[in-house]
There are 2 protein chains.
Amino acid sequence: MKRGEPVDPAAPYLDRLRKAKVKVTANRQRVLGRFLEGDKPWTLQSLHRSLGREFDLSSVYRALSALRTSGLLEEFRLPGEKETFFSLIKHPEKSAAPGARGLGAKTRAHPHHHHHIVCRDCGLVSHLDICVPAGLMGKVEDASGFRITEHHLEFKGVCGNCK
Amino acid sequence: MKRGEPVDPAAPYLDRLRKAKVKVTANRQRVLGRFLEGDKPWTLQSLHRSLGREFDLSSVYRALSALRTSGLLEEFRLPGEKETFFSLIKHPEKSAAPGARGLGAKTRAHPHHHHHIVCRDCGLVSHLDICVPAGLMGKVEDASGFRITEHHLEFKGVCGNCK
DNA sequence: CTCTAAATGCAACTAACTTGCAATTGCAAT
DNA sequence: ATTGCAATTGCAAGTTAGTTGCATTTAGAG
């Protein structure tokens, strides 16, 4: 990386879009821009509010949908929250192939497995690279008689700023 | 407990309703009845379908709301599921004071802490008395800088019947 | 610069609740 | 057993969050 030649943080994401033959449009760039401003997840509604009536809810919806199916965003839900969250995938060049069409469609892609912690005061969501110990899985399978195929672990708390 | 004198499993729940000065009506008894038939969580919609058009969706809604705020039911959401689930609290006489009004309102009550595993094929939900190891909490607090106040752990898999 | 499949805006629609209001009913006090 | 009335119910209408059809516009390959 040469000095004095600033790298566009959006570049790898736009590359990925082009590779997926998804047009790089103003709407999609504006939505992606919001995700690049910080490591903050957005919901359809929060993005729409944040972007003003500059463009339609359905456009935000379809931009999110396109970015998700192209593997730039991942989608998750939090217990107790009605809205679906989206967050930027860190290394789009490494993540798996795009999943099914439409929001809510199950992703076949497996973006780097992780969990979340949400601040109950300011709503900040952080990613956690920590996971459930393997031993627990065995215990759960024994206790329930199920074979486990996925798990979701979410924490709620007070972030460093709000403490 | 005398032999030959069958105990009504609904009794402690009805007692709790009366204690909360909540009328014991036909609707509420029918809804409670479904929960007493098995250790199965229900959603507003699944209950409404199950009860037929015998009564209105809003009546099921308000029955659920009443049973929940009276501490007979607990409410939870599962990642990837749109609907809110309700399940019977095991020992209503032991659980904490009723929470706020209306579905979705944060409960102040703390029914016996537990997690769930859902069958991805038949939708069966089982309760798990297994929890996240305390050590993990510390690791998460260190890694994130948050102070943890709650956590949610949900498993998805294939149940004994569907395997 | 042209052309066309893909993307957008608008409006309409769906799912899952949620609420206002008039009619009805559980149940406590006769 | 009857009464009174606040609590509950049914119906209809409203809300939130998301989704889709279609006519118009546009990114970007050639």
Side-chain angles (χ1 to χ4, degrees), chain A residues 14-15 17-32 41-70 72-73 75-86 98 100-106, chain B residues 14-15 17-32 41-70 72-73 75-86 98 100-106:
Chain A
L14 299 182
D15 284 350
L17 275 188
R18 289 190 198 99
K19 244 173 262 170
K21 295 204 208 313
V22 168
K23 285 184 189 172
V24 175
T25 64
N27 280 352
R28 290 170 182 171
Q29 290 190 74
R30 249 178 307 191
V31 167
L32 178 60
W42 292 90
T43 67
L44 174 59
Q45 308 292 336
S46 70
L47 258 173
H48 183 229
R49 280 190 298 272
S50 159
L51 293 165
R53 77 257 137 258
E54 293 172 43
F55 62 118
D56 191 74
L57 181 72
S58 74
S59 301
V60 185
Y61 175 83
R62 286 194 262 229
L64 282 173
S65 183
L67 300 184
R68 192 197 72 95
T69 60
S70 307
L72 314 211
L73 300 181
E75 178 185 337
F76 60 96
R77 275 164 180 277
L78 260 20
E81 303 285 336
K82 295 196 187 186
E83 294 178 35
T84 298
F85 288 82
F86 294 85
R101 256 144 235 294
L103 297 185
K106 305 291 178 196
Chain B
L14 300 182
D15 284 351
L17 277 188
R18 291 193 195 96
K19 245 174 260 170
K21 296 205 209 311
V22 169
K23 284 186 190 172
V24 175
T25 64
N27 280 351
R28 289 169 183 170
Q29 290 190 74
R30 250 179 307 191
V31 168
L32 178 59
W42 292 92
T43 66
L44 174 58
Q45 310 290 337
S46 70
L47 257 174
H48 182 230
R49 278 190 299 273
S50 160
L51 292 164
R53 77 257 137 257
E54 293 173 42
F55 61 119
D56 191 75
L57 182 73
S58 74
S59 302
V60 184
Y61 174 83
R62 285 194 264 228
L64 282 173
S65 184
L67 299 185
R68 192 197 74 98
T69 60
S70 308
L72 313 212
L73 299 180
E75 179 184 336
F76 61 95
R77 273 163 182 277
L78 261 20
E81 302 285 335
K82 296 196 187 182
E83 294 177 37
T84 298
F85 288 81
F86 294 84
R101 253 147 235 296
L103 297 185
K106 303 291 180 199

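A note on names: the letters A, B, ... follow the listed sequences, proteins ahead of strands, and every chain is numbered from 1.
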| task | Look at B/T84 and C/dC17 and indicate whether a side-chain polar atom (N or O) is within less than 4.0 Å of OP1 or OP2. | result | yes
| said: Under the criterion side-chain contact (heavy atoms from CB on, under 4.5 Å), I'd like the reasoning laid out for B/T84 against B/T43: C-alpha separation, chi angles, the key distance, then a yes or no. | reply: CA-CA 6 Å; B/T84 298; B/T43 66; over 6 Å; no
| Under 4.0 angstrom between A/K82 side-chain N/O and C/dT18 OP1 or OP2 | yes
| task | Scan A/D56 against the nucleic acid and name what it touches under 4.0 Å (heavy atoms): base, sugar-phosphate only, or nothing. | result | base
| Considering residues at least two apart in sequence or located in another chain, which fulfil the salt bridge (charged side-chain N to carboxylate O under 4.0 Å, His left out) criterion with B/R30? | B/E54
| message | With a cut-off of less than 4.0 Å, is there a side-chain N or O of A/N27 near OP1 or OP2 of C/dG9? | response | yes
| query | Between D/dG28, D/dA6, D/dG18, which one does the side chain of A/L44 approach most closely? | reply | D/dG18
| message | Please classify the nucleic acid contact of A/R28 as base, sugar-phosphate, or nothing, using heavy-atom distances under 4.0 Å. | response | sugar-phosphate
| task | Check whether any side-chain N or O of B/S59 sits under 4.0 Å from OP1 or OP2 of D/dT8, and answer yes or no. | result | no
| Do the side-chain N or O atoms of A/Y61 get closer than 4.0 angstrom to the phosphate oxygens (OP1, OP2) of D/dG18? | no
| field | Qualifying residues under side chain to side chain contact (heavy atoms under 4.5 Å, CB included), relative to B/D56, sequence neighbours excluded | value | B/S58, B/S59
| request: Select one nucleotide: of C/dC17, C/dA5, D/dA7, the one nearest the side-chain heavy atoms of B/E83. | output: C/dC17
| said: Using only modelled atom types and a 3.5 angstrom limit, is any donor from either the side chain of A/R62 or the base of D/dG21 paired with an acceptor on the other? | reply: yes
| request: Decide side-chain contact (heavy atoms from CB on, under 4.5 Å) for B/L32 and B/L14; before the verdict, give the C-alpha distance in whole Å, the side-chain angles of both, and the deciding distance to 0.1 Å. | output: CA-CA 9 Å; B/L32 178 59; B/L14 300 182; 3.8 Å; yes
| Side-chain N or O of A/Q45 less than 4.0 angstrom from OP1 or OP2 on D/dG18? | yes
| message | Rounding to an integer number of Å, can you tell me how far B/L17 CG sits from C/dG26 C1'? | response | 13 Å
| said: Between C/dC10 and A/S58, counting only base atoms on the nucleotide and side-chain atoms on the residue, is there a donor-acceptor pair under 3.5 Å? | reply: yes
